[in-house]
Amino acid sequence: MSADSIRTVAVLGAGTMGNGIAHVFARSGYRVLLRDIDKNFLDRALDTISKNLDREVAKQKITATEKSTALARIQPVTDNVALVAADFVVEAVPEQLDLKIRILKDVDSVVGPGVVLASNTSSISITQLAAHTGRPDRFIGMHFMNPVPVMALVEVIRGIATSDATFAATTALCEKLGKTAVAVNDSPGFVSNRVLMPLINEAAFAVMEGVATPESVDTVMKLGMNHPMGPLQLADFIGLDVCVEILDVLLRGFGDPKYRACPLLRKYVAAGWLGRKSGRGFYTYS
Ligand code: NAD
């Protein structure tokens with residue numbers, strides 16, 4: 001499988017990441033099969049993609065015609081049958097091991113034998129996910145950053161059995177999307193979340209212990225360390241539930257208590273304060 005032969009890409013999950021991934025593939029000329037479990041989720045995703053493409057039109061990055069053409073390339077689907085047409089698959093369903101395994105097994109049995117399965121997991125082992133499919137050599141991590149249309153990086157993660165051809169096709173595909181691929185070996189949290197999540201966690205501990213308010217913690221990091229966004233603002237953006245899930249994976253993967261999720265993060269998640277997507281996290285959103 002070479003990147004040049006890829007025309008149709010299946011994106012599994014139309015949430016925060018899935019709609020961004022569908023957006024960049026469609027804008028780069030690929031036909032996209034966007035799969036979710038419910039038509040309402042797909043309608044919402046297409047609405048988000050349309051609004052995000054509007055922003056690019058307003059910034060004169062694309063024309064209104066290019067926007068409509070890109071949007072028309074995305075076909076929403078609620079079952080796996082349509083995925084048979086896919087040349088490449090990117091999985092972006094919630095960060096739950098059992099769910100990912102079930103979905104990847106199902107898709108593995110539907111798509112052609114040469115098709116590469118890529119997971120956008122933030123922290124689950126690529127080697128482990130690959131082992132549940134019949135194609136561990138054609139399985140790889142393709143970790144896009146949020147918001148996908150804006151962020152230049154894709155961490156490309158090789159599992160133990162990932163072939164050189166799969167790695168080459170995936171990095172070439174990233175380039176076609178205008179992204180920079182960085183090769184990373186399979187290890188809990190890869191590089192991005194192994195470094196980022198302890199920062200977010202420590203910021204949450206500082207708030208829980210009354211060291212400073214969320215605004216103050218974020219201001220220290222923005223003005224003092226030149227971070228474009230404070231860690232708690234970023235946590236709200238990522239989703240506090242996603243942060244806790246990733247910290248749990250790091251804790252299990254390394255067995256090191258330094259990755260223990262801050263109780264305040266868990267409390268917010270239990271309250272349904274998931275960050276920007278639920279309207280409230282460390283900050284409130286209208
Ligand atoms: P999300 O909850 O916003 O979206 C997940 C979507 O998957 C939902 O729309 C859900 O309905 C759908 N889904 C559930 N079961 C499905 C099934 N059987 N078939 C198809 N779709 C199904 O989650 P997200 O934030 O987009 O995260 C998705 C993945 O991307 C996770 O692995 C996460 O770790 C990773 N990730 C997230 C971020 C981030 O900032 N949010 C960044 C990088 C990577």
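Sequential numbering from 1 along the given sequence is applied to the chain's residues. Computed from a predicted model, the values in this text were never measured in an experiment.
Atom CG of N146 sits about 7.5 Å away from atom CD1 of I238, to the nearest 0.5 Å. Residue I160 holds its CD1 atom at 13.5 Å from CD1 of I126, rounded to the nearest 0.5 Å. Going from atom CG of N120 over to atom CD1 of I21 covers 4.0 Å, rounded to the nearest 0.5 Å. Taken from CE in M17 to CD in E95, the straight-line distance is 10.5 Å, to the nearest 0.5 Å. Interatomic distance, CG of L53 versus NE2 of H23, reported as 4.0 Å (0.5 Å rounding). Note that CG of L250 and CZ of R260 are 14.5 Å apart. Values are rounded to the nearest 0.5 Å.
By the 6.0 Å contact criterion, CG on N185 is open, its count of non-hydrogen atoms from other residues, nucleotides or ligands being 12 or less. Within 6.0 Å of atom CD in E215, more than 12 heavy atoms from other residues, nucleotides or ligands are found, so the atom counts as buried in its surroundings. Counting heavy-atom neighbours within 6.0 Å of L153 CG, excluding the residue itself, gives a total above 12.
Under the 4.5 Å side-chain criterion, counting only non-hydrogen atoms from C-beta, P263 is in contact with F205. With a 4.5 Å cut-off on side-chain heavy atoms, K222 and P228 do not count as touching. Side chains of I157 and I140 form no contact here, defined as non-hydrogen atoms less than 4.5 Å apart. Side chains of V207 and V217 form a contact here, defined as non-hydrogen atoms less than 4.5 Å apart. No side-chain heavy atom of S119 sits less than 4.5 Å from a side-chain heavy atom of M142. Residues I6 and L173 are in side-chain contact: their nearest non-hydrogen atoms beyond the backbone lie under 4.5 Å apart.
When all heavy atoms are compared, the tightest approach of S109 to D106 is OG-O, 2.6 Å. Between V111 and L117, the shortest heavy-atom contact is CG2-CD2, 4.2 Å. Taking both residues in full, the closest heavy atoms of A85 and L33 are given as CB-CD1, 4.3 Å, listed atom of the first, atom of the second, then distance.
No salt bridge links D98 with R102; every basic N to acidic carboxylate O contact stays at or beyond 4.0 Å. The pair R266-D248 meets the salt-bridge criterion, since a charged nitrogen lies less than 4.0 angstrom from a carboxylate oxygen. In this structure, D241 pairs ionically with K277, as a charged nitrogen and a carboxylate oxygen lie closer than 4.0 Å.
With E56 as reference, R27 is the one residue of K61, K67, R27 to meet the side-chain hydrogen bond (donor to acceptor under 3.5 Å, both in side chains) rule. Of the residues listed (I200, L264, L265, L232), the one engaging L240 in a side-chain contact (heavy atoms from CB on, under 4.5 Å) is L265, and it is the only one.
Between the K176 side chain and the G29 main chain, no donor and acceptor come within less than 3.5 Å of each other. Listed for the D36 side chain is no donor-acceptor partner under 3.5 Å among the backbone atoms of L42. Of the possible donor and acceptor atoms, none in the side chain of N19 sits under 3.5 Å from a partner among the backbone N and O of I49. Between the side chain of T166 and the backbone N or O of F139 there is no donor-acceptor pair closer than 3.5 Å. Between the side chain of S50 and the backbone N or O of L46, no donor-acceptor pair lies under 3.5 Å.
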Apply side chain to side chain donor-acceptor pair (under 3.5 Å) to the pair D186 and S125, showing each step before the final yes or no. CA-CA 6 Å; D186 192 19; S125 164; 3.1 Å; yes

Steps toward side-chain contact (heavy atoms from CB on, under 4.5 Å) verdict (Q233, D218): CA-CA 7 Å; Q233 196 188 354; D218 280 347; 3.6 Å; yes

Run the side-chain contact (heavy atoms from CB on, under 4.5 Å) test on K100 and L97 for me, step by step, so that the C-alpha distance in whole Å, both residues' side-chain angles and the decisive distance to 0.1 Å come before the verdict. CA-CA 5 Å; K100 285 199 190 283; L97 180 64; 5.7 Å; no

Begin with the C-alpha distance, continue with both residues' side-chain angles, and end with the deciding distance and a verdict on side-chain contact (heavy atoms from CB on, under 4.5 Å) for R135 and D108. CA-CA 8 Å; R135 62 185 83 207; D108 186 32; 2.5 Å; yes

Hey, mind stepping through R194 and I246 against side-chain contact (heavy atoms from CB on, under 4.5 Å) and telling me if it holds? CA-CA 9 Å; R194 184 175 180 169; I246 298 170; over 6 Å; no

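Under the 4.5 Å side-chain heavy-atom criterion for grouping Ile, Leu, Val, Met, Phe, Trp and Tyr, L199 is connected to L234 within one hydrophobic cluster. Hydrophobic clustering, with ILVMFWY side chains joined whenever heavy atoms are under 4.5 angstrom apart, groups V110 together with I101. Using a 4.5 Å cut-off between side-chain heavy atoms of Ile, Leu, Val, Met, Phe, Trp and Tyr, with links allowed through other members, F144 and I74 fall into the same hydrophobic cluster. Cluster membership for I103 and V90, using ILVMFWY side-chain heavy atoms within less than 4.5 angstrom, is not shared. In the hydrophobic clustering of this structure, L129 groups with F190; members are Ile, Leu, Val, Met, Phe, Trp, Tyr whose side-chain heavy atoms approach within less than 4.5 Å, directly or through other members.
The aromatic rings of F25 and F88 sit tilted, their planes meeting at an angle between 30° and 60°.
With 3.5 Å as the limit, one finds a donor-acceptor pair spanning the side chains of N80 and R35. A donor-acceptor contact closer than 3.5 angstrom is absent between the side chains of S68 and T65.
Taking the ring centre of F237 as origin, the terminal cationic atom of R276 falls outside the region bounded by 6.0 Å and 45° from the ring axis.
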